[in-house]
Trainee: 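One structure coming up, written as structure tokens, with questions to follow.
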Amino acid sequence: MQIPSIDLDYKLITYAEDAQKAASVGWPELERIYKNTVDAAMAQRAKELNRSYVQSPIARDTVLIKRSIFSTSFNIADFPMTISKVGEEDSERARQLRIAAAYYWGKSKPFVELNKAMLRMLIFPVGIVSQYWDKQKRNIPVEECNPMDVCLDPDARNADDVQYLTYRYQKTGKEIRHIIMNDKKLKKKLRFYNKLKDHDEFFLTSYDVDTFEPFKRYKFKEIFIKTGNGWLCKTYYPAGNLLLRVTKFAESPFQWGFAREQLSSVDDAVREKQILAYGESEIDYIKEHVVAINKRRNQHTDIVEEQINPSIYLGDDAKVNPANLKRGAGAKIPVGDVKQIQERRAPSTAGVHEDLSMLNEDIEQTSSVNGLYKAQTSGSDRRATGALALLSAQSSTRIEEQIMTANNTLFSHVAKSFVKKVFRYVDDKTLKMLGIEEPMIGVDHPQEAPFDFVVDVEFGSSAKRQEMYAAYMDSVAVLGQFQNVNPNTVDTLVEKAMQIKVGDDFKVENLFLPPPTEDVPPDLPEENQIPELIPGSI
């Protein structure tokens, strides 16, 4: 294996990190808006002017409602994938792979991490997860990654065109010692120490292992470079200018995606700074509206405060202690000349209400999260049922489009990579434990065998499938109450319902056992056969 230049690796790592740093300048602001916290400088200025600085939770609510819609539809199905293959033998292999994948999916429980990735790609322009085969635990951990720790190829034309990526992380000295001291011959510069099923690893090091303190955390950087038949991974310890290991992966351990696609700009100056492997943030779409709403709401609060506790004009010779004017209702205030005391008129809130209403409508149109999703209706929402249904359907369609975009860019890749790892590492012992007596996949098949299965992912659409299944079964129940119903109609409904439930390869005849075979007596000789009766012969 030829190792590319270390200098070239450092150039690529630096280039990717610098590009991401430039692209992520506004990310802290997006995170602040989502967390509903106040900008420190703004808060200090408001305190100095004795003004309100409460933040509206509208951006956070918008993101969480969309994430909840995804989470609800995602978690309905225990195993939201179908695996298929053409042919009788292939169908049995697909069935076994489906059982094994469902077992490992339930064992790794990736729902929380994938939900976090969905939340991340709504706040930021990208969501990233990692997954790998854990040899010790014999499982496939799925973990959500901070997008600041993974830098994607800045020159990629789209999410599928990424040619390399970098990753930064920390490990304790104890963990590093364990890696390096896997062999007693530590001082060898090049050693193939293990040959795994899907990649080779070796270490290049003359670094003193005692340099790493057991419980201190050290920073490392990795670069993954796409090759013709996999991904080449190199791990660096920058502080010691050390190439710690070189690894070959069959596929990238990282998957990434977005909920809103990004188009390359027609402005060359803007396009040079874009990272097209990223999408666009949900909060970025409504950020300016949120800022305006916060401003108007705080102005409204200040106006109401002025109406409740108005400012007072006092003449120089009013002969009154100003502190007495704030003593509260029912207080007796001695005044020398009442004509020297005038209440300052507070402005009206009517214009602020109108402006807030307009801004809220703009945000609802942009985000597709209207008052119906928030269980809030105003006077303008009290319209005909048909109009509300149309409004809800339009919003649902746009939100579902975002979920499907996330599915196509991230979750489908996660699912297919997950199934591939199951296909590569599941063994006959596990398959037999799952009730498969004669395994057709597992360690008996070559690890280099091509993965020729079709994996269909149902993230985000499983809720709709459940509704369709319920509708079909309700139709069957209704038809069962009537006599003389065409059995073909019932068969069609049952088959459609079960295909939704268990997969497209389901057939109605699989519901019924074949009729028992009966021994048919042999044909009698012609002379012993009963002659056919002819009508009118008797």
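Quantities reported herein were computed from a predicted structural model and do not represent experimental measurements. The first residue of the sequence shown is numbered 1, and numbering continues consecutively from there.
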Trainee: Is a side-chain donor or acceptor of N408 paired with a backbone partner of M404 at a separation under 3.5 angstrom?
Mentor: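 The answer is yes, because a donor-acceptor pair under 3.5 Å joins these two groups.
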
Trainee: Using side-chain contact (heavy atoms from CB on, under 4.5 Å), reason through M148 and R168 one step at a time and then give a plain yes or no.
Mentor: CA-CA 9 Å; M148 294 302 297; R168 62 181 183 182; 4.1 Å; yes

Trainee: Hey, could you give me each pair passing salt bridge (charged side-chain N to carboxylate O under 4.0 Å, His left out) that has a residue in residues 104-114? Not counting sequence neighbours.
Mentor: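 As it turns out, the salt bridge (charged side-chain N to carboxylate O under 4.0 Å, His left out) pairs with a partner in residues 104-114, which skip direct neighbours, are E113-K116.
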
Trainee: For Y285 and E280, which I'm curious about, is there any donor-acceptor pair between the side chains at under 3.5 Å?
Mentor: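 Yes - a donor-acceptor pair under 3.5 Å links their side chains.
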
Trainee: Could you check whether atom CZ of R271 has more than 12 heavy atoms from other residues, nucleotides or ligands sitting under 6.0 Å from it?
Mentor: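 Buried by this count: over 12 neighbours within 6.0 Å.
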
Trainee: Go through the side-chain N and O atoms of K416 and S412 and say whether any donor and acceptor fall under 3.5 Å apart.
Mentor: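 Their side chains do not contain a donor-acceptor pair, so the 3.5 Å distance test is not met.
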
Trainee: When you check the gap from the basic side-chain N to the acidic O, do R120 and E144 get nearer than 4.0 Å?
Mentor: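 Yes, this pair counts.
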
Trainee: Which pairs count as salt bridge (charged side-chain N to carboxylate O under 4.0 Å, His left out) when at least one residue sits in residues 11-24, sequence neighbours excluded?
Mentor: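 Checked against salt bridge (charged side-chain N to carboxylate O under 4.0 Å, His left out) - neighbours excluded - the pairs reaching residues 11-24 are E17-K221.
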
Trainee: May I ask you to check whether F254 and F224 place their ring centers less than 6.0 Å from one another?
Mentor: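 Yes, the ring of F254 comes within the 6.0 Å limit of the ring of F224, centre to centre.
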
Trainee: Looking at Y278 and V150, what are the two nearest heavy atoms and their distance?
Mentor: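 Of all heavy-atom pairs spanning Y278 and V150, the closest is OH-O, 4.1 Å.
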
Trainee: Which pairs pass salt bridge (charged side-chain N to carboxylate O under 4.0 Å, His left out) with one or both residues in residues 302-315, sequence neighbours excluded?
Mentor: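 Output for this query lists E306-R344.
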
Trainee: Taking atom CG of L12 and atom SG of C151, what is their separation to the nearest 0.5 Å?
Mentor: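 SG of C151 is found 12.0 Å from CG of L12.
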
Trainee: Determine whether a donor-acceptor pair (N or O, by modelled atom type, separation under 3.5 Å) exists between the side chain of Q274 and the backbone of S265.
Mentor: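 Checked: pair present.
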
Trainee: Checking the side chain of S281 only, and the main-chain atoms of I123 only, is there a donor and an acceptor separated by less than 3.5 Å?
Mentor: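 Yes.
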
Trainee: With sequence neighbours left out, write down each residue that passes side-chain hydrogen bond (donor to acceptor under 3.5 Å, both in side chains) with N294, or none if nothing qualifies.
Mentor: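 So N294 forms a side-chain hydrogen bond (donor to acceptor under 3.5 Å, both in side chains) with Q55.
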
Trainee: When E282 is tested against each of R67, K66, R60 for salt bridge (charged side-chain N to carboxylate O under 4.0 Å, His left out), which residue passes?
Mentor: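 One option only clears the test, and that one is K66.
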
Trainee: Output the distance between atom OG (S252) and atom NZ (K226), rounded to the nearest 0.5 Å.
Mentor: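 Separation between the atoms: 9.0 Å.
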
Trainee: Measuring centre to centre across the rings, with the benzene-like ring taken for any Trp, is Y104 within less than 6.0 Å of F418?
Mentor: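 When the ring centroids of Y104 and F418 are compared, they turn out to be at least 6.0 Å apart.
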
Trainee: Indicate yes or no for a side-chain donor-acceptor contact from T227 to the backbone of L232 under 3.5 Å, with no hydrogens or angles considered.
Mentor: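 No; zero donor-acceptor contacts below 3.5 Å.
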
Trainee: Taking atom CD1 of I13 and atom CG of L8, what is their separation to the nearest 0.5 Å?
Mentor: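 Nearest 0.5 Å value for the CD1-CG distance: 10.0 Å.
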
Trainee: For residues 33-41, tabulate all N or O donor-acceptor pairs below 3.5 Å that involve a side-chain atom, not counting sequence neighbours.
Mentor:
unit_1: T37; atom_1: OG1; unit_2: R32; atom_2: O; d: 3.4
unit_1: D39; atom_1: OD2; unit_2: A41; atom_2: N; d: 3.2
unit_1: D39; atom_1: OD2; unit_2: M42; atom_2: N; d: 3.1

Trainee: Hey, what's the ring geometry for F220 with Y237, parallel, tilted or perpendicular (30° and 60° as the breaks)?
Mentor: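 The rings of F220 and Y237 sit tilted, inter-plane angle from 30° to 60°.
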
Trainee: Can you find a side-chain donor-acceptor pair between D9 and Y236 that sits under 3.5 Å?
Mentor: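 Yes, Y236 and D9 have a side-chain donor paired with an acceptor closer than 3.5 Å.
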
Trainee: On the 0 to 90° scale, with breaks at 30° and 60°, tag the Y169-Y167 ring pair as parallel, tilted or perpendicular.
Mentor: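 The rings of Y169 and Y167 lie parallel, inter-plane angle below 30°.
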
Trainee: Determine whether a donor-acceptor pair (N or O, by modelled atom type, separation under 3.5 Å) exists between the side chain of W27 and the backbone of F124.
Mentor: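 No, because the side chain of W27 does not come within donor-acceptor range (under 3.5 Å) of the backbone of F124.
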
Trainee: Tell me, which pairs form a salt bridge (charged side-chain N to carboxylate O under 4.0 Å, His left out) where one or both residues lie in residues 285-295, sequence neighbours left out?
Mentor: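 For residues 285-295: D284-K287.
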
